[in-house]
Novice: 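Can you read through this structure? Questions will come right after.
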Amino acid sequence: DPKTAKGIVKRDVIRVVTPGTVVEDNLLEEKKNNYIMSMYKQGIFFGIAICDISTGDFLSSQIKETNNFVKLLDEIARYYPAEIVVNDMLYSCTEEIGKIRERIECYISNVPEEDFRYDLEELKSKYDITDEKGEKISKLEEKDFAIPAIAGLLQYINQTQKIEMEHIKTIKIYQTTKYMALDISARRNLELTERMRDKGKRGTLLWVLDKTSTSMGGRLLRRWINDPLLEVS
């Protein structure tokens, strides 16, 4: 505060703005989430975490099946993040990073491995970590890929924003198997949320269905269209 300073005012970086951490309304599309995604790779398995800093939405999952990298690409297509942060192991896999860059135009940052380390008890004390239904997950230690991804993303957000993000209170860990897997090509060809030709909204499925009157409702509808459930009920 210049009023309290004697002599020269101390200067410091008070915030780092990156593609995934923009929160200004005039720079964001009103009915579209601006996601930042972290990806943690260990061996052949992946953990992912996704956050929209402007709304406080925070989601996570882990991919421990067959065709793991293909499923990872499907998750990237689901959220279409503006920025991705990855751990050293994934960043050193130039072939996989190359395939991610081919499919989506976004900024990819390499974050040190130590930023993905975590204190589980501290995480549990600060955040409500739940499943899709909002029920607390009793055996969090079994989410051994999702939790490092969460820790890495939280650390990156705190380092860039320089303040405690108090509106991020709940972290939902979901199962990828509950949603229909649609790759980037399928999403483009179906023109769910944007046209192939010019990436406009007019004429898409979202354009036909969107009668929402608030940005929150618009974002929710977009998410439902992007995440088709496999269970009819």
Side-chain angles (χ1 to χ4, degrees), residues 11-40 47-61 72-87 90-91 97 100-112 115-116 126-127 146 148-172 174 184 187-188 192-195 198-202 204 206-207 210 212-227:
R11 293 188 173 272
D12 201 356
V13 175
I14 58 164
R15 182 180 158 216
V16 179
V17 181
T18 68
T21 59
V22 175
V23 292
E24 286 75 16
D25 292 339
N26 60 322
L27 298 176
L28 296 173
E29 196 175 321
E30 188 184 13
K31 292 187 177 182
K32 183 178 180 182
N33 288 98
N34 187 53
Y35 286 120
I36 179 169
M37 187 177 199
S38 82
M39 299 188 296
Y40 173 79
I48 59 172
I50 311 99
C51 181
D52 182 339
I53 294 178
S54 61
T55 64
D57 291 342
F58 203 116
L59 304 161
S60 179
S61 189
L72 179 70
L73 291 176
D74 290 345
E75 291 306 297
I76 295 171
R78 187 192 305 280
Y79 297 103
Y80 221 93
E83 182 177 2
I84 297 174
V85 296
V86 300
N87 69 330
L90 180 52
Y91 199 75
I97 291 292
I100 291 170
R101 290 189 195 278
E102 277 174 25
R103 285 163 174 77
I104 181 172
E105 292 178 18
C106 78
Y107 190 76
I108 299 177
S109 305
N110 179 206
V111 174
D115 285 0
F116 289 85
K126 279 188 175 180
Y127 306 96
I150 291 169
L153 186 51
L154 287 170
Q155 179 76 353
Y156 185 80
I157 291 169
N158 288 335
Q159 284 174 354
T160 55
Q161 301 309 288
K162 309 272 184 192
I163 56 169
E164 198 71 33
M165 306 301 287
E166 293 180 358
H167 65 298
I168 300 175
K169 295 173 183 170
T170 303
I171 298 171
K172 288 188 177 180
Y174 66 93
I184 287 176
R187 290 176 188 277
R188 281 180 183 154
L192 298 177
T193 58
E194 60 180 35
R195 284 188 304 191
D198 59 4
K199 295 195 173 183
K201 184 180 172 184
R202 187 176 181 82
T204 63
L206 179 63
W207 176 78
D210 192 357
T212 57
S213 52
T214 65
S215 10
M216 189 185 291
R219 288 192 295 265
L220 182 61
L221 181 63
R222 181 184 284 266
R223 191 183 302 166
W224 284 346
I225 290 171
N226 274 321
D227 301 351

Novice: Under 4.5 Å between any side-chain heavy atoms of Thr204 and Leu192, yes or no?
Specialist: no
Novice: Indicate the atoms forming the closest heavy-atom contact of Asp74 with Arg187, along with that distance.
Specialist: O-NH2, 4.4 Å
Novice: Taking side chain to side chain contact (heavy atoms under 4.5 Å, CB included) as the test, write out the residues that go with Ile184, two or more places apart.
Specialist: Ala77, Arg103, Arg188
Novice: Quick one: pull up CE in Met37 and SG in Cys51 and give me the separation to the nearest 0.5 Å.
Specialist: 12.5 Å
Novice: Test of understanding: with salt bridge (charged side-chain N to carboxylate O under 4.0 Å, His left out), list the residues that count as partners of Asp198, not counting sequence neighbours.
Specialist: Arg195
Novice: Quick one: list whatever passes side-chain hydrogen bond (donor to acceptor under 3.5 Å, both in side chains) with Thr55, sequence neighbours left out.
Specialist: Asp57
Novice: Just to verify, what does Asp52 make a salt bridge (charged side-chain N to carboxylate O under 4.0 Å, His left out) with, not counting sequence neighbours?
Specialist: none
Novice: Any sub-3.5 Å donor-acceptor pair from Arg222's side-chain atoms to Leu206's backbone N or O?
Specialist: no
Novice: Knowing that exactly one of Lys201, Lys32, Arg202 qualifies, which makes a salt bridge (Lys or Arg N to Asp or Glu O under 4.0 Å) with Asp210?
Specialist: Lys201
Novice: With sequence neighbours left out, what residues match Glu24 under salt bridge (charged side-chain N to carboxylate O under 4.0 Å, His left out)?
Specialist: Arg15
Novice: Just wondering, do Ile163 and Met165 contact through their side chains at under 4.5 Å, heavy atoms?
Specialist: yes
Novice: Give a yes or no answer on whether the side chain of Ser38 reaches the backbone of Ala149 with a donor-acceptor pair at less than 3.5 Å.
Specialist: yes
Novice: Which pair of heavy atoms, one from Gln159 and one from Asp115, lies closest together, and at what distance?
Specialist: NE2-OD2, 3.5 Å
Novice: Check salt bridge (charged side-chain N to carboxylate O under 4.0 Å, His left out) between Asp227 and all other residues, then give those that pass, not counting sequence neighbours.
Specialist: Arg78
Novice: Show the nearest heavy-atom pair for residues Ile53 and His167, with the distance to one decimal.
Specialist: O-NE2, 2.5 Å
Novice: Please find the pair of heavy atoms, one from Gly56 and one from Ile168, that lie closest to each other, and give the distance.
Specialist: CA-CG1, 4.0 Å
Novice: In chain order, what residues pass the side-chain hydrogen bond (donor to acceptor under 3.5 Å, both in side chains) check against Asn34, with sequence neighbours excluded?
Specialist: none
Novice: For Tyr79 and Ile50, which heavy atoms make the closest approach, and how far apart are they?
Specialist: CE1-CD1, 3.7 Å
Novice: Distance-only, no hydrogens or angles: does the Ser215 side chain make a donor-acceptor pair with backbone N or O of Lys31 under 3.5 Å?
Specialist: no
Novice: Among Val111, Ile100, Asn87, which residue meets the side chain to side chain contact (heavy atoms under 4.5 Å, CB included) test with Met39?
Specialist: Ile100
Novice: Got a sec, which residues hit ring pair (Phe, Tyr, Trp, His ring centres under 6.0 Å) with Phe116, two or more places apart in sequence or on another chain?
Specialist: Tyr40
Novice: Counting distance only, does the side-chain N/O of Ser109 pair as donor-acceptor with the main-chain N or O of Val85 below 3.5 Å?
Specialist: no
Novice: Under the ring pair (Phe, Tyr, Trp, His ring centres under 6.0 Å) test, which residues partner Tyr80, sequence neighbours left out?
Specialist: none
Novice: Would you indicate whether the side-chain heavy atoms of Leu153 and Ile36 approach each other to under 4.5 Å?
Specialist: yes
Novice: From Glu164 CD over to Ile157 CD1, what is the distance, rounded to the nearest 0.5 angstrom?
Specialist: 11.0 Å
Novice: Under the rule for ring pair (Phe, Tyr, Trp, His ring centres under 6.0 Å), what residues qualify as partners of Tyr91, not counting sequence neighbours?
Specialist: none
Novice: Who are the side chain to side chain contact (heavy atoms under 4.5 Å, CB included) partners of Met216, not counting sequence neighbours?
Specialist: Thr214, Arg219
Novice: Does Ile14 have any side chain to side chain contact (heavy atoms under 4.5 Å, CB included) partners at least two apart in sequence or in another chain, and if so, which?
Specialist: none
Novice: Which heavy atom in Cys106 sits nearest to a heavy atom in Pro81, and how many Å separate them?
Specialist: CB-O, 3.4 Å
Novice: Got a donor-acceptor contact below 3.5 angstrom from the Thr160 side chain to the Tyr156 backbone?
Specialist: yes
